[in-house]
Protein chains: 2
Amino acid sequence: MVEHVAHLDAVFHALADPTRRAMLGQLAERELTIGELATPFSMSFAGASKHVRVLENAGLVTRTIRGRTHLCRLEAARLAEANAWLRRYQRFWTARLDTLEALLLAEDEAKQK
Amino acid sequence: MVEHVAHLDAVFHALADPTRRAMLGQLAERELTIGELATPFSMSFAGASKHVRVLENAGLVTRTIRGRTHLCRLEAARLAEANAWLRRYQRFWTARLDTLEALLLAEDEAKQK
DNA sequence: TACATGCTCAACCATGTAGTTAAGTATAAG
DNA sequence: CTTATACTTAACTACATGGTTGAGCATGTA
């Protein structure tokens with residue numbers, strides 16, 4: 001919980017682009033190759049490839065090279081970090097989730113006993 | 001839930017900088033002037049002011065001009081939008097919060113009766 | 001009135017980003 | 001062996017970003 005800071009820079013930057021968010025949306029359905037990720041967008045192949053690279057560098061996507069195709073998979077851990085950061089502010093927009101958080105903490109304590 | 005897309009660009013971009021995230025952290029404690037927001041950082045006043053402008057443009061901060069000082073307040077609605085976007089991926093990193101989500105839904109249904 | 005304070009704006013610099021095209025590499029298929 | 005496919009890399013353009021300094025504009029204060 002200390003060098004996550006650099007992660008957050010990369011993750012939030014990666015998420016700050018609609019093309020990349022859409023790519024993650026696709027990857028939430030199933031693993032896709034670079035080509036499959038590129039086709040929905042009116043953009044050169046190389047351009048899409050660069051977006052994938054950004055997602056990869058942010059740790060949001062992992063790549064498995066299989067022959068000449070590169071299979072991409074959604075990697076959620078860094079999304080969880082971003083979510084964890086945001087959760088610190090949840091009390092500002094709703095009290096409901098505070099209750100849930102309390103439930104979680106209680107659950108954790110129960111487990112630790 | 002349709003032109004939120006542009007919001008998300010701005011919000012995630014604003015969050016992709018450690019200085020700005022730290023500023024939000026300060027604003028979570030209490031309202032602060034631009035000067036107060038600037039002092040913790042080894043950066044010119046004008047530089048800090050520009051960061052605040054970015055937060056403001058992203059809708060994360062509102063400003064109240066009071067005499068010659070500008071009071072800044074955290075505005076959480078856009079953070080909530082970002083969180084809502086992330087929540088769509090929660091199932092990928094934990095099952096626990098799915099349960100909580102189910103609880104919330106059940107709660108909502110109970111209230112609607 | 002004069003001066004200090006809080007902040008913005010404009011101009012500038014260095015670097016980064018998003019996109020392109022073109023060429024190169026490796027793998028699969030004929 | 002030859003060609004098509006999947007992808008990367010490099011070079012380039014245009015523009016955004018993060019930072020600076022210096023000037024300017026209100027608003028307090030003496």
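Each chain gets a letter, A, B and so on, in the order its sequence line appears, and its residues count up from 1.
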**Prompt:** Can L55(B) be reached from L71(B) by stepping across I, L, V, M, F, W or Y side chains whose heavy atoms are under 4.5 Å apart?
**Reply:**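 Unlinked, L71(B) and L55(B) end up in two clusters.
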
**Request:** Can you tell me which residue pairs pass the side chain to side chain donor-acceptor pair (under 3.5 Å) test with a partner in residues 68-77 of chain B, sequence neighbours excluded?
**Result:** E31(B)-R73(B), T62(B)-E75(B), R63(B)-H70(B)

Which atom pairs, donor and acceptor, lie under 3.5 Å between side-chain atoms of residues 17-26 of chain B and protein residues at least two apart or in another chain?
residue : atom : partner : partner atom : Å
D17(B)  : OD1  : T19(B)  : N            : 2.8
D17(B)  : OD1  : R20(B)  : N            : 3.2
R20(B)  : NE   : A14(B)  : O            : 2.8
R20(B)  : NH1  : H51(B)  : ND1          : 3.1
R20(B)  : NH2  : H13(B)  : O            : 3.2
R21(B)  : NH1  : D9(A)   : OD1          : 3.0
R21(B)  : NH1  : L15(B)  : O            : 2.7
R21(B)  : NH2  : V5(A)   : O            : 3.2
R21(B)  : NH2  : D9(A)   : OD1          : 2.8

**Message:** Please report the interatomic distance CG(L37(A)) to CG(L32(A)), rounded to the nearest 0.5 Å.
**Reply:** 5.0 Å

**Message:** Just verifying a value: how many Å separate K50(B) NZ and N57(B) CG, rounded to the nearest 0.5 Å?
**Reply:** 12.5 Å

**Prompt:** Do F12(A) and V11(B) come close enough that some side-chain heavy atom pair is under 4.5 Å?
**Reply:**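 F12(A) vs V11(B): side chains apart.
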
**Message:** Is the shortest side-chain heavy-atom distance between I34(B) and F45(B) below 4.5 Å?
**Reply:**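 Yes. Closest side-chain heavy atoms under 4.5 Å.
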
Where along [range] does a heavy atom fall under 4.0 Å from DNA chain D?
range: residues 53-62 of chain A; value: R53(A)
range: residues 11-23 of chain A; value: none
range: residues 32-49 of chain A; value: T33(A), I34(A), G35(A), F45(A), A46(A), S49(A)

Give the minimum heavy-atom separation between [X] and [Y], together with the two atoms involved.
X: L60(A); Y: R78(A); value: CD2-CB, 3.8 Å
X: A48(A); Y: A38(A); value: CB-CB, 3.4 Å
X: L79(A); Y: W93(B); value: CB-CZ3, 3.7 Å
X: A28(B); Y: L74(B); value: CA-CD2, 4.1 Å
X: C72(B); Y: V52(B); value: SG-CG1, 3.9 Å
X: A76(B); Y: F92(A); value: CB-CB, 3.4 Å

**Item:** 5′-ward residue of the pair L71(B)/K50(A) relative to DNA chain C
**Value:**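 Residue closer to the 5' terminus by nearest nucleotide: L71(B).
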
Quick test: give all pairs of protein nitrogen or oxygen and nucleotides 25-30 of chain D nitrogen or oxygen below 3.5 Å, distance rounded to 0.1 Å.
residue : atom : partner : partner atom : Å
dT27(D) : O2   : R68(B)  : NH1          : 3.0

**Asked** Atom CD1 of I65(B) and atom C1' of dC9(C): how far apart are they, to the nearest Å?
**Response**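 Whole-Å distance recorded here is 14 Å.
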
